[in-house]
Every structure is written in structure tokens, then in C-alpha cells.
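See structure below.
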Amino acid sequence: MYVLIAAAGQGKRMGHHRNKLLLELQGRPILAWTLARVLQAQPTWVGVMAQPRDWPEIERILEQLAPAVPVQVIPGGDTRQASVWNGLQALPTAAETVLIHDGARCLASPALFHRCQAALQRAVGVIAAVPVKDTIKVVAEPPLIAQTPERAHLWAAQTPQGFRVAVLKRCHAQALAHRWQVTDDAALLERCQYPVEVVLGEDTNLKITTPPDLLIAQALLTHGL
């Protein structure tokens, strides 16, 4: 199992000017929780895409975790898409598949990584996702509702997302050539007409984006998640 962790963002929606993944959650950085969960899944190799200004703190996190497998810190890009491209270039040549995980999803279980990896035995691409619970409204011109899609067909995408490395590299190369911008790697495969399968995710696999998310994560950890 080869894993890339996207950790090159900022904390604007958290109300901070530093990388939100370095904010503390129950006494240690959010990224430390994420890395610990990934390492519990016993990967072969891990890459962390991050901005160079954050490398010293990430190195300190790694010193404390003392991982038993290689963990490489990789320069992050200006966008998540650019960061993943950099990560793909750093993958060991032996990697035929890769799992890509958002550093802000610090509560994903090791079992979820294994489910996604197992699904790649038959699929070109997979994503963790959960059925949406809320009724979704499409608002084309606020505040007017344009339509209400059928909830039964709607899933909320999570990470990890897994892919065949050769296919994902081809899709990223096409995105560079055509200047496509997407918010996750599954969308690249979709645009390139590759099928992507859903693996059932976890309701507790939240992405820490805003201060309330941090409070929810603290509560989940307090109750032994």
C-alpha cells in the first residue's frame, strides 16, 4: 500500500494564516493524528505533500511518531491538484496503485484504507464516500432554488481515494495539457472516461475545515474513536 497525503493547504476557513494541519487537536497537531491513522494501516511507503515552510514542524511530527516505513516529505503545489502531481512524481517505481488522502481527514480508520486498497484489485479508481443524509438543493442564482436532486443517488465524497498509478498519471498529464482544474482526483478520471467505484466510507471520517469541525473531532476522540 502506497499512500500520498495532501497537506499543503492553509487555514483560511479555520481563521488562521498558518497550515491548519499544524493546529493542535487534543495536544498534538492534526497532521500527527492523520499520519498515525495511515501508519496503523501498515503501508509500504508514505508521501506527504507540504509547503517547505511547514517541513520543520512535519519533521518534528515524524520524529515523535518514529514510523517503521519510509515517509517522504514532498514539495506541495499552489493547488491540491498540483500537489498530487508532485506526489505522483515522487512515488517509488514499484507502486502500481496509490491511495490519496486529505491530511485534514484525521479520523479515517485503518480499515477504510484497507477496504479502498482491496477494491483496487478489480477497479481502476475508487473513492470512499457515504450516502448524503440531507436534502440537497441546487441554487443556480441565489437565493432561488433551481432544483432538488433525488437524494438516493447522492453520495458525499471522502478520502482515501485510490487509483492505478499509470492511469492517474495519464489523467493528470491530460489535465496539465488542457488546463483542467478539479477538486479531487476522481473527477480527473471521470473527465477522462475511466470508471470510478464507490467504497463505503465512514460518517466519522470528517474533514476538518472550520472551527466547529475541530470541536466535533475533539468530541469523537474523547469518546474513543
Side-chain angles (χ1 to χ4, degrees), residues 1-43 45-84 86-87 90 99-114 116 128-130 156-161 183-185 201-225:
M1 181 191 301
Y2 296 83
V3 182
L4 290 172
I5 300 175
Q10 298 181 15
K12 292 180 179 178
R13 282 181 285 181
M14 286 290 290
H16 288 266
H17 296 291
R18 65 187 303 225
N19 190 334
K20 67 183 177 185
L21 300 185
L22 301 177
L23 299 177
E24 283 201 355
L25 172 60
Q26 287 202 342
R28 60 175 175 169
I30 293 169
L31 183 59
W33 290 100
T34 306
L35 276 164
R37 293 298 178 99
V38 170
L39 292 171
Q40 287 170 22
Q42 299 182 317
W45 175 95
V46 178
V48 181
M49 291 84 75
Q51 301 299 340
R53 63 177 175 270
D54 296 329
W55 288 10
E57 290 189 68
I58 293 173
E59 294 292 351
R60 283 194 288 273
I61 291 170
L62 292 173
E63 286 176 10
Q64 293 174 351
L65 289 174
V69 299
V71 179
Q72 182 176 343
V73 183
I74 302 160
D78 293 333
T79 64
R80 183 186 187 282
Q81 187 172 321
S83 292
V84 173
N86 290 351
L99 297 182
I100 299 172
H101 190 55
D102 285 339
R105 292 189 184 273
C106 60
L107 301 180
S109 73
L112 180 56
F113 286 91
H114 286 296
C116 290
V130 291
Q158 300 180 344
T159 65
Q161 300 187 355
T183 55
D184 72 358
D185 297 280
E202 299 165 339
D203 289 334
T204 52
N205 183 21
L206 78 162
K207 183 177 181 180
I208 297 180
T209 304
T210 62
D213 298 328
L214 196 58
L215 294 174
I216 295 169
Q218 289 172 345
L220 290 169
L221 289 169
T222 298
H223 287 83
L225 177 67

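Throughout, numbering of the chain's residues begins at 1 and tracks the sequence.
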Heavy-atom pair of closest approach, residues Asn19 and Gly9: CG-O, 3.4 Å

Residue pair Val3 / Pro43: nearest heavy atoms and the distance that separates them: CG2-CB, 4.1 Å

Gln72, CD: over 12 other non-hydrogen atoms inside 6.0 angstrom: yes

Shortest non-hydrogen separation from Ala157 to Ala129 and the atoms involved: CA-CB, 4.1 Å

Note: Asp185-Arg80 ion pair, threshold 4.0 Å (strictly below): yes

Spacing of Leu221 atom CG and Leu107 atom CG [to the nearest 0.5 Å]: 5.0 Å

Spacing of CD belonging to Gln218 relative to CD belonging to Gln26, to within rounding of 0.5 Å: 6.5 Å

Heavy-atom closest contact (Leu206 atom, Asp213 atom, distance): CD1-O, 3.6 Å

Closest approach of Gly47 to Ile74 (non-hydrogen atoms, all atoms of both residues): CA-CD1, 3.9 Å

Non-hydrogen side-chain atoms of Leu65 and Arg28 separated by less than 4.5 Å: yes

Residue pair Asn86 / Ser83, side-chain donor-acceptor N/O under 3.5 Å: no

Approximate separation, where rounding is to 0.5 Å, of Leu25 CG and Lys20 NZ: 13.0 Å

From Leu22, Leu21, Ile61, residue fulfilling side chain to side chain contact (heavy atoms under 4.5 Å, CB included) relative to Asp54: Leu22

Atom of Trp45, atom of Ala90 and distance for their closest heavy-atom approach: CZ2-O, 3.8 Å

Heavy-atom donor-acceptor pair, Gln64 side chain to Glu59 backbone, under 3.5 Å: no

Distance-only polar pair, side chains of Ser109 and Gln40, donor-acceptor under 3.5 Å: no

Distance, nearest 0.5 Å, that separates CG of Asp184 from CD of Gln158: 12.0 Å

Distance in Å, His101 NE2 paired with Leu112 CG, rounded so as to fall on 0.5 Å steps: 8.0 Å

Straight-line distance of Thr34 OG1 to Asp102 CG, nearest 0.5 Å: 9.5 Å

